[in-house]
Amino acid sequence: MASSVDLLNFTNEAARKQQVREDNRCTGESETVNRNLYEVEQKVIAGKSKTSLIRKSTGGWKFASLLLVNQGLATLAFFGVGVNLVLFLTRVLDQENAVAANSVSKWTGTVYLCSLIGAFLSDSYWGRYLTCAIFQLIFVVGLVLLSLSSWLFLFHPSGCGDGEIVCMPASPVGVAIFYLSIYLVAFGYGGYQPTIATFGADQFDEANPKEGASKAVFFCYFYFALNVGSLFSNTILVYYEDTGKWTLGFVVSLGSAIIALLSFLLGTPGYRYLKPCGNPLPRVAQVFVAAARKWDIVPVNSDDLYEVEGPDSAIKGSRKIYHSNEIEFLDKAATITEDDLCGPKNPWRLCTVTQVEEAKCVLKMLPIWLCTIIYSVVFTQMASLFVEQGDVMKSNFGNFHLPAASMSAFDICSVLICTGIYRQVLVPLAGKLSGNTKGISELKRMGIGLVIGMLAMVAAGATEIARLKHVLPGEKISSLNIFWQIPQYVLVGASEVFMYVGQLEFFNGQAPDGIKSFGSSLCMASMSLGNYASSFLVNMVMGITARGKDPGWIPDDLNTGHLDRFYFLIAALTAFDFVIYVFCAKWYKSINLEGSEKEIQIIEIQQDVVLRRV
């Protein structure tokens, strides 16, 4: 008898919610509607309060702008190392083309894989501010070691590494310090990247409609700042490094990283801070364990699933998440049984709806995320094979030599121009046609990015075919002008605006409050696995094509290979990936947070109905 009473108490809140919804559907009495509207509004305000307990004088564009400056300077420092790394490995450390391309892919992959570590520490323990500060400090330490190692150990004779003067083999100590330094750079930069993006978004309070709109714009400016910083690295720094002044380039990168750290610390008194929500791994694991322990239980109606009473969710600092109909097996974890009523609540047997939905959100985002990895294979070619391809094209104009790596400036300019066109032209136009204030949804943008990325690989393959036709016997450099690479760089830049900005908005917006940095890190992790996939693809292709006297598709002498076929292979894989992505995007259903914009819109509509009736 007692257990029946407890069960009634457990489900009382669910019944009350159901009654509120039924009352809302009854339009006969305006007093009932008004009362229900008041209750829903209070829920929205209460749900927002957990993430909006912030002084009004803090945050906003004033302090978000400091973070944009920080991002631009840190990116300048990072690309001062990364954009020309493939030529550093071939010229200074005497690696072969395929080996150097793989080394860069693995290093770049490590950069973005570290984003998962930073996101975990940020969401679970340190918070966003402390995570950003610590990882930026590691970034600076890595650049200090890199500058010292290049100055003391690697360049003998002085001025070598310019493509003409051959460097002497470096000492094992010098090589070891070099690799330690660049992987510290990878760890520091990668660890703080997703967190700085989320921390910037935190400066805008979603409870304020004006600031909520600014939050979406912030991600666009964030990627814009990233490309402004890399523009300097890809033009001026690349030029000095290409002429053998590598140490100067590394020292400038170090100075930029130090200024970036100081600009970040400058805003400390005025930032908005959100507390970490605890380790999400046990929460997600509890859902799967609880669902598995109740594998023979039929999930009850969604209104009868377990959820804590009141406006606060069981996850500290996180809003409640409404039930969704996808992956219903996990609903077993929130189904109340007789055993759950005996003794204290066991989180490994009974989870809240919010906790279950958090696990569902992770699972639902995974297929979308996996489909973006192939695009990152396209993107990573700019830092490796595009550079090696440009290095064997005509790049001398009188006495001036254009570094192959500086061609990525066309990618950056494409990003900057396309960002402006997208924000000022496409968004308003698409908004008028579709009624969506965001213009084109994040999922559609990512799909467009995949298609443009595929076209970039086709353009790169066509350029390589033309380059091979202009190779003279006995000559290493093709007579084809390096500016023929412009279309492939421009197309990659245009695809980035749709893919990476869309990814930042999508994963940050669809991640629950407790794992926001993890959501942003998925974008970086996609780049990471894309780099590893590129490295694997190069090894596989060379293993298959380089047999006997055949040098393979990507030999040390590109004039004897078929780099064009490798580009076309990536284009074909991207086309196949796009088909799978379309199915995943159609299946995906958005997260429904308590206090979300949808709920606020429902309140406004109901208020209009009441006013018209009155």
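Summarising the local packing, OH of Tyr129 is surrounded by more than 12 heavy atoms from other residues, nucleotides or ligands at distances under 6.0 Å. Counting non-hydrogen atoms of other residues, nucleotides and ligands closer than 6.0 Å to CZ of Phe583 gives a total of 12 or fewer.
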Practice item. With side-chain contact (heavy atoms from CB on, under 4.5 Å) as the test, would you mind laying out the steps for Val353 and Val356 before giving the verdict? Key: CA-CA 5 Å; Val353 171; Val356 171; 5.6 Å; no
**Study point:** Candidate pair Phe135 and Phe187, rule side-chain contact (heavy atoms from CB on, under 4.5 Å), full reasoning
**Key:** CA-CA 8 Å; Phe135 276 99; Phe187 185 58; 3.5 Å; yes
Check your understanding: Going through the checks in order, is the side-chain contact (heavy atoms from CB on, under 4.5 Å) test met by Asp123 and Tyr125?
Key -> CA-CA 6 Å; Asp123 286 334; Tyr125 304 111; over 6 Å; no
Check your understanding: Stepwise, does the side-chain contact (heavy atoms from CB on, under 4.5 Å) test hold for Met446 with Ile368?
Key -> CA-CA 10 Å; Met446 291 158 66; Ile368 300 294; 3.6 Å; yes
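Distance alone, capped at 3.5 Å, is enough to place a donor-acceptor pair between the Thr198 side chain and the Pro194 backbone. A donor-acceptor pair is defined here as one N or O able to donate and one able to accept, closer than 3.5 Å; such a pair exists between the side chain of Glu307 and the backbone of Thr354. Using a distance-only test at 3.5 Å, with no hydrogens or angles considered, no donor-acceptor pair links the side chain of Gln136 to the main chain of Gly188. Here the side chain of Thr380 pairs no donor or acceptor atom with the backbone of Ser376 at under 3.5 angstrom. Looking only at distances, a side-chain donor or acceptor of Glu357 sits under 3.5 Å from a matching main-chain atom of Ser324. For the pair Asn70 (side chain) and Ala260 (backbone), a donor-acceptor distance under 3.5 Å is present. In this structure, the side chain of Thr75 engages the main chain of Gln71 through a donor-acceptor pair within 3.5 Å.
To the nearest 0.5 Å, atoms CD1 (Ile591) and CD1 (Ile321) are separated by 4.0 Å.
Aromatic pair Tyr588/Phe506: centroids less than 6.0 angstrom apart. Checked against the 6.0 Å centroid criterion, the rings of Phe329 and Trp295 do not qualify as a close aromatic pair. Between Phe224 and Phe218, the distance from one ring center to the other does not fall under 6.0 angstrom. The distance between the ring centers of Phe518 and Phe507 does not fall below 6.0 angstrom. Note: Trp107 and Phe78 meet the aromatic proximity criterion, with ring centroids under 6.0 Å apart.
Between Arg128 and Asp202, at least one side-chain N (NZ, or NE/NH1/NH2) sits under 4.0 Å from a carboxylate O, which counts as a salt bridge. Under 4.0 Å is where a charged nitrogen must lie from a carboxylate oxygen, and between Lys294 and Asp340 at least one such pair does. Under the 4.0 Å criterion applied to side-chain N and carboxylate O atoms, Lys360 and Glu326 are not assigned as salt-bridge partners. Between Arg445 and Glu505 a salt bridge is recorded (basic side-chain N to carboxylate O distance below 4.0 Å).
Between Tyr375 and Thr574 there is no side-chain heavy-atom pair separated by less than 4.5 Å. The side-chain heavy atoms of Phe199 and Thr131, taken from C-beta on, include no pair separated by under 4.5 Å. Counting heavy atoms from C-beta outward, Trp348 and Arg293 have side chains that approach closer than 4.5 Å. No side-chain heavy atom of Leu305 sits under 4.5 Å from any side-chain heavy atom of Lys332.
No donor-acceptor contact under 3.5 angstrom links the side chains of Thr419 and Tyr221, judged on distance only. Residues Glu496 and Tyr223 bring a donor and an acceptor atom of their side chains to less than 3.5 Å of each other. A side-chain N or O of His323 and one of Asp331 form a donor-acceptor pair less than 3.5 Å apart. Remark: the Tyr500 side chain and the Thr372 side chain contain no N/O donor-acceptor pair separated by less than 3.5 Å. For the residue pair Asn508/Gln503, the side-chain donor-acceptor check at 3.5 Å is not satisfied.
Scanning all heavy atoms of the two residues, the minimum distance from Leu66 to Gly267 falls at CD1-CA, 3.6 Å. Residues Ser521 and Leu116 share a closest heavy-atom pair of OG-CD2, 3.4 Å.
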